[in-house]
Number of protein chains: 2
Amino acid sequence: MKNKSFLRACVSVMAKLPKVNRHQRTRADHSTELAEDYVEAVAELIEAHGSCRVTDLAEYFDVSHVTVNRAVARFQRAGWVTTKPYGPIELTKQGTQLAESSRRRHAIVYQFLLALGVDEKTAATDAEGIEHHVSPETLQRMEQFAKQANSKSR
Amino acid sequence: MKNKSFLRACVSVMAKLPKVNRHQRTRADHSTELAEDYVEAVAELIEAHGSCRVTDLAEYFDVSHVTVNRAVARFQRAGWVTTKPYGPIELTKQGTQLAESSRRRHAIVYQFLLALGVDEKTAATDAEGIEHHVSPETLQRMEQFAKQANSKSR
DNA sequence: ACACAGTTTTAGCCGAGGCTACACTTGCGG
DNA sequence: CCGCAAGTGTAGCCTCGGCTAAAACTGTGT
Ligand SMILES: [Mn+2]
Ligand SMILES: [Mn+2]
Ligand SMILES: [Mn+2]
Ligand SMILES: [Mn+2]
């Protein structure tokens with residue numbers, strides 16, 4: 001019975017797994033996840049078009065402009081972006097910082113997946129979700145691995 | 001200006017990133033994420049205690065028993081678990097299958113992070129979030145890497 | 001100057017996933 | 001067999017993140 005032994009293997013691996021509040025951390029990650037994607041997108045769109053409007057973000061994320069509008073209002077309250085009525089969306093100092101660290105992390109995760117041998121499209125998709133759950137320590141390991149793989153292939 | 005050049009590097013990496021609907025995939029991942037964690041936990045608890053009750057899950061996830069109750073009702077409607085009033089929670093055939101594949105994926109991601117050099121506690125925490133965003137292709141690469149690292153160290 | 005198209009905002013709906021307070025079952029120990 | 005603690009369920013609240021429909025604003029071309 002191959003299945004039975006696999007089951008036992010799983011059990012033994014997961015039993016050793018330190019279970020101290022890891023679900024709380026994951027829930028916390030999710031609460032900032034959308035904000036991270038938004039500030040990243042705002043930064044990208046400003047660089048690409050010179051400004052970022054509600055409709056740009058709606059198209060970018062493939063959601064309705066109404067959804068964007070309410071999200072932007074939340075993130076304004078949180079201090080990451082600023083907007084005047086009917087005006088473009090800009091990043092605050094904090095927002096810029098968050099965007100930069102998020103983009104750095106996102107880029108590292110993406111390049112890491114490429115270095116691991118994952119194809120570009122899959123790497124892009126997976127990185128979009130994975131990035132928000134990567135701790136500084138893991139990120140550092142990923143960066144190191146990607147750099148190493150890069151230098152070898154050159 | 002170190003910062004300026006880093007910024008340009010980020011831009012060039014992310015510009016090449018295939019952006020076809022990756023946010024939709026991430027949103028889809030999130031909609032099944034909790035279900036995956038629940039069936040995993042139910043399987044674990046049944047193995048450990050012989051049965052799984054609402055309070056076990058509440059303690060496991062560190063949420064209120066009410067939250068668990070409603071989630072279990074949702075997952076019963078979805079066909080992953082069964083419960084009778086005031087009775088224990090069991091997995092359906094589908095639920096058992098989902099639990100097995102989720103646990104397998106979770107274990108691989110965890111061992112992969114260990115192989116990458118991440119410490120146990122951090123690996124456990126990060127794996128809890130990352131697991132839900134790892135595609136079959138990426139999972140296969142991670143498994144391969146973990147196996148390789150394991151055989152080297154032996 | 002003004003109409004009209006495009007953009008933004010508001011109103012109001014939904015489900016998921018968190019909570020507290022309270023009500024109801026169940027299973028024991030005395 | 002009864003009472004009480006622990007477990008389970010219900011009622012009702014919240015925020016987030018999705019939607020459609022409709023109203024309000026802006027900016028451009030004639
Ligand atoms: Mn990102
Ligand atoms: Mn993302
Ligand atoms: Mn899991
Ligand atoms: Mn998880």
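Each chain gets a letter, A, B and so on, in the order its sequence line appears, and its residues count up from 1.
- In this structure, A/Lys84 places its NZ atom 14 Å from P of C/dT8, rounding to the nearest Å.
- Rounding to whole angstrom units, CG of residue A/Asp56 and P of C/dG6 are separated by 15 Å.
- At least one side-chain nitrogen or oxygen of A/Thr55 sits closer than 4.0 Å to the OP1 or OP2 atom of C/dT8.
- Rounded to whole Å, the distance from CD on A/Gln76 to C1' on C/dT9 is 13 Å.
- A straight line from CG of B/Leu57 to C1' of C/dG17 spans 15 Å, rounded to a whole angstrom.
- Counting only residues at least two apart or in different chains, ring-ring contact (aromatic ring centres under 6.0 Å, His included) contacts with residues 121-153 of chain A comprise A/His30-A/His133, A/Phe112-A/Phe145, A/His133-B/His133, A/Phe145-B/Phe145.
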Restricting both atoms to N or O, compile the protein contacts to nucleotides 1-6 of chain D shorter than 3.5 Å, with distance only.
none

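- One can place NE2 of B/His49 at 16 Å from C1' of D/dG7, the figure rounded to the nearest angstrom.
- With sequence neighbours left out, B/Thr138 forms a side chain to side chain donor-acceptor pair (under 3.5 Å) with A/Asp126, B/Ser135.
- Dashed line: the shortest gap from a side-chain N or O of B/Asn69 to OP1 or OP2 of D/dG9 is under 4.0 Å.
- Residues that satisfy the side chain to side chain donor-acceptor pair (under 3.5 Å) test with A/Thr67, not counting sequence neighbours, are A/Ser64.
- Within the hydrophobic cluster formed by Ile, Leu, Val, Met, Phe, Trp and Tyr side chains joined at under 4.5 Å, directly or through other members, A/Val66 stands alone, with no partner residue.
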Side-chain donor-acceptor pairs of residues 70-90 of chain B under 3.5 Å, sequence neighbours excluded:
| from | atom 1 | to | atom 2 | distance (Å) |
| --- | --- | --- | --- | --- |
| B/Gln76 | NE2 | B/Thr83 | O | 3.3 |

Salt bridge (Lys or Arg N to Asp or Glu O under 4.0 Å) between A/Arg105 and A/Glu40, intermediate numbers included
CA-CA 11 Å; A/Arg105 199 187 48 187; A/Glu40 268 189 72; 5.4 Å; no
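- Partners of B/Asp62 under the side chain to side chain donor-acceptor pair (under 3.5 Å) rule, at least two apart in sequence or in another chain, are A/Gln24.
- Remark: B/Asp37 pairs with no residue by the salt bridge (charged side-chain N to carboxylate O under 4.0 Å, His left out) rule, at least two apart or across chains.
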Could you run down nucleotides 13-24 of chain D 5' to 3' and tag each one B, S or - for protein heavy-atom contact under 4.0 Å?
---SBBBBB---
